[in-house]
Amino acid sequence: MNTRSPQWLFDAAERERQLQDLAREDERQDRSRDGHSARQLRYRLLARTLNQPIEAQLPADFVPVTAARIEAAAMQRRRATRRFEIGLIAFFVAVFGLCAIVAFTIFSGDWIAALASTPIMDAVSNPWLLTLLGCMGLSRLLEIHPSMRRTSR
């Protein structure tokens, strides 16, 4: 692999630098040369423009307004990312739940009958207990999810 640049690149860059320096010097001393090339005239125009003072000043509240604008954009990106993450988690939970249901229906043959005859299943099969567990789970879910919270104002 060749790591050295050809000499003609350095020569071309040096010629460009010399033309820029000459244009700056001509503009500084207000010399006019008749034999200027188009490139030299462009460099002189650029040097003249760069030497002029800035006409438009920044407003007094430029920094706070710009900071507020940047902060708002960052906050919007954070919200969009958070919404995406929550949607992705909900999608994966739904897919996992569907896979669990499919696995349960495929492999639930004999052991469900054996599990149903245990005393603990008699207690869990109580409809009021299932209702209580469902309410507690829903309450916890609403507590965790920030969009479901009620705020008093």
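Heads up: numbering here begins at 1 and tracks the sequence. Note: hydrogens, waters and symmetry copies are ignored here, and every other heavy atom, side chains too, is used.
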State, with a plain yes or no, whether a side-chain heavy atom of [X] is found less than 4.5 Å away from one of [Y].
| X | Y | answer |
| --- | --- | --- |
| Arg69 | Val65 | yes |
| Gln52 | Arg48 | yes |
| Arg42 | Leu46 | no |

To the nearest 0.5 Å, what is the distance between [atom1] ([X]) and [atom2] ([Y])?
| X | Y | atom1 | atom2 | result |
| --- | --- | --- | --- | --- |
| Leu19 | Arg44 | CG | CZ | 13.0 Å |
| Glu14 | Asp21 | CD | CG | 8.5 Å |
| Leu138 | Leu133 | CG | CG | 12.5 Å |
| Glu71 | Arg78 | CD | CZ | 5.5 Å |
| Glu25 | Gln20 | CD | CD | 14.0 Å |

- Establish whether Val95 and Leu88 are linked, either directly or via other cluster members, by ILVMFWY side-chain heavy-atom contacts under 4.5 Å.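 Linked, Val95 and Leu88 end up in one cluster.
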
- State yes or no: do Phe92 and Phe84 share one hydrophobic cluster built from I, L, V, M, F, W and Y residues joined by side-chain heavy-atom distances below 4.5 Å, directly or via other members?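 Yes, Phe92 and Phe84 fall within the same hydrophobic cluster.
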
- Message: Please find the pair of heavy atoms, one from Ala23 and one from Ala47, that lie closest to each other, and give the distance.
- Response: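 Heavy-atom minimum between the residues: O-CB, 4.4 Å.
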
- Query: Has Gln76 got more than 12 heavy atoms of other residues, nucleotides or ligands less than 6.0 Å from its CD?
  - Reply: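 Atom CD in Gln76 is not crowded, with 12 or fewer foreign heavy atoms closer than 6.0 Å.
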
- Task: Answer yes or no: does atom CZ of Arg17 have more than 12 heavy-atom neighbours from other residues, nucleotides or ligands under 6.0 Å?
- Result: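 Yes, the 6.0 Å shell around CZ holds more than 12 heavy atoms from other groups.
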
